[in-house]
Amino acid sequence: MKSLIIVLVLSSSCLGDVSHILSEYSSTTITSTLPPSTTLSPKPYSFQYKAGRYPGHVDRTHEESGDGSGTIYGSYSFVDPKNTVRRIEYVADQNGFHPSLINYEDTLRQPVDSEAVKLAKERHFQLYEKLAEANAHDVPINIPRDTASVLKAKDKHFQLYQKIAEEHAAIASQRKAERAAYEATSVINDVNEYQTY
């Protein structure tokens with residue numbers, strides 16, 4: 001059991017060692033020139049620290065200093081999941097926070113199109129230009145052609161439409177004739193004739 005514990009302790013010290021990446025931060029120093037004060041005006045100060053997930057292994061740092069006039073200079077760094085050290089240097093003043101990214105070139109690169117993507121883009125822009133030109137001059141393009149089954153369905157639809165339209169016209173004409181016959185045989189009632197006082 002003791003040998004198992006010893007093996008575990010020794011192997012855990014090898015895990016996550018990134019101190020070789022951050023060799024410039026080999027010593028921990030914390031300095032502060034912030035004297036106790038009761039005034040609210042900015043005072044010069046500086047600090048720095050480093051930390052890690054495991055004792056003795058550094059994977060992030062931070063340092064900052066203020067010049068006493070309200071301007072702050074600083075930087076921080078960390079090891080990202082790709083085991084790359086990322087660093088941000090910044091200045092904060094009356095105009096805002098101004099960061100500078102160090103060692104971020106790989107994240108800022110635009111992807112390069114493959115040959116297939118280049119061809120697809122060219123084809124897309126050619127079709128776009130063709131459509132734009134046609135639309136500018138009201139020229140219909142790419143009108144689909146009807147298949148035999150579509151033509152047959154359209155013909156059937158128009159025949160049914162025509163039949164229904166004829167039936168509606170016949171009904172409207174019959175009702176018009178009925179109304180004319182009714183009006184011709186009806187006596188006009190004078191409502192005032194039967195009033196009693």
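Hydrogens, waters and symmetry mates are skipped; everything else that's a heavy atom, side chains included, is used.
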Problem - Joint cluster assignment, L160 & V150, ILVMFWY side-chain distance < 4.5 Å - result: no
Enter the distance from [X]:[atom1] to [Y]:[atom2] here, rounded to the nearest 0.5 Å.
X    : Y    : atom1 : atom2 : result
D155 : K152 : CG    : NZ    : 10.0 Å
E129 : H124 : CD    : NE2   : 9.5 Å
E183 : T185 : CD    : OG1   : 9.5 Å
L101 : I88  : CG    : CD1   : 6.0 Å

Problem - Under 4.5 Å side-chain linkage, directly or through intermediates, the cluster mates of Y128 - result: none
Problem - Co-members of V91 in a cluster of I, L, V, M, F, W and Y side chains, linked at under 4.5 Å - result: Y73
Handout entry: Ionic contact status for R87 with E89, cut-off 4.0 Å
Key = yes
Practice task
From the options K154, Q162, K156, select the one residue that forms a side chain to side chain contact (heavy atoms under 4.5 Å, CB included) with F158.
Solution key: K154
Exercise for the section: Would you sort out whether R60 and V79 count as a side-chain contact (heavy atoms from CB on, under 4.5 Å), showing the intermediate values? Expected result: CA-CA 7 Å; R60 55 193 165 275; V79 179; over 6 Å; no
For [X], give me all partners under side-chain hydrogen bond (donor to acceptor under 3.5 Å, both in side chains), at least two apart in sequence or on another chain.
X    : result
S69  : D67
K121 : D113
H137 : E133
S173 : none

Handout entry: Contacts of R86 that satisfy salt bridge (charged side-chain N to carboxylate O under 4.0 Å, His left out) - sequence neighbours left out
Key = D80, D106
Completion exercise
Residues at least two apart in sequence or cross-chain that pass salt bridge (charged side-chain N to carboxylate O under 4.0 Å, His left out) with K118, listed by chain then number, are none
Only counting residues at least two apart or in another chain, list the ones meeting side-chain contact (heavy atoms from CB on, under 4.5 Å) with [X].
X    : value
R123 : Q126, L127
E64  : Y45, F47, H62, I72, Y90
N95  : D93, H98
L151 : D146

Fill in the blank from the handout: All heavy atoms of V85 vs all of N103, minimum pair found to be O-ND2, 2.7 Å
Practice task
Fit a plane to each ring of Y54 and H57, take the angle between them on a 0 to 90° scale, and name the class: parallel (under 30°), tilted (30 to 60°) or perpendicular (over 60°).
Solution key: perpendicular
Practice task
Determine whether more than 12 heavy atoms belonging to other residues, nucleotides or ligands lie under 6.0 Å from atom OH of Y161.
Solution key: no
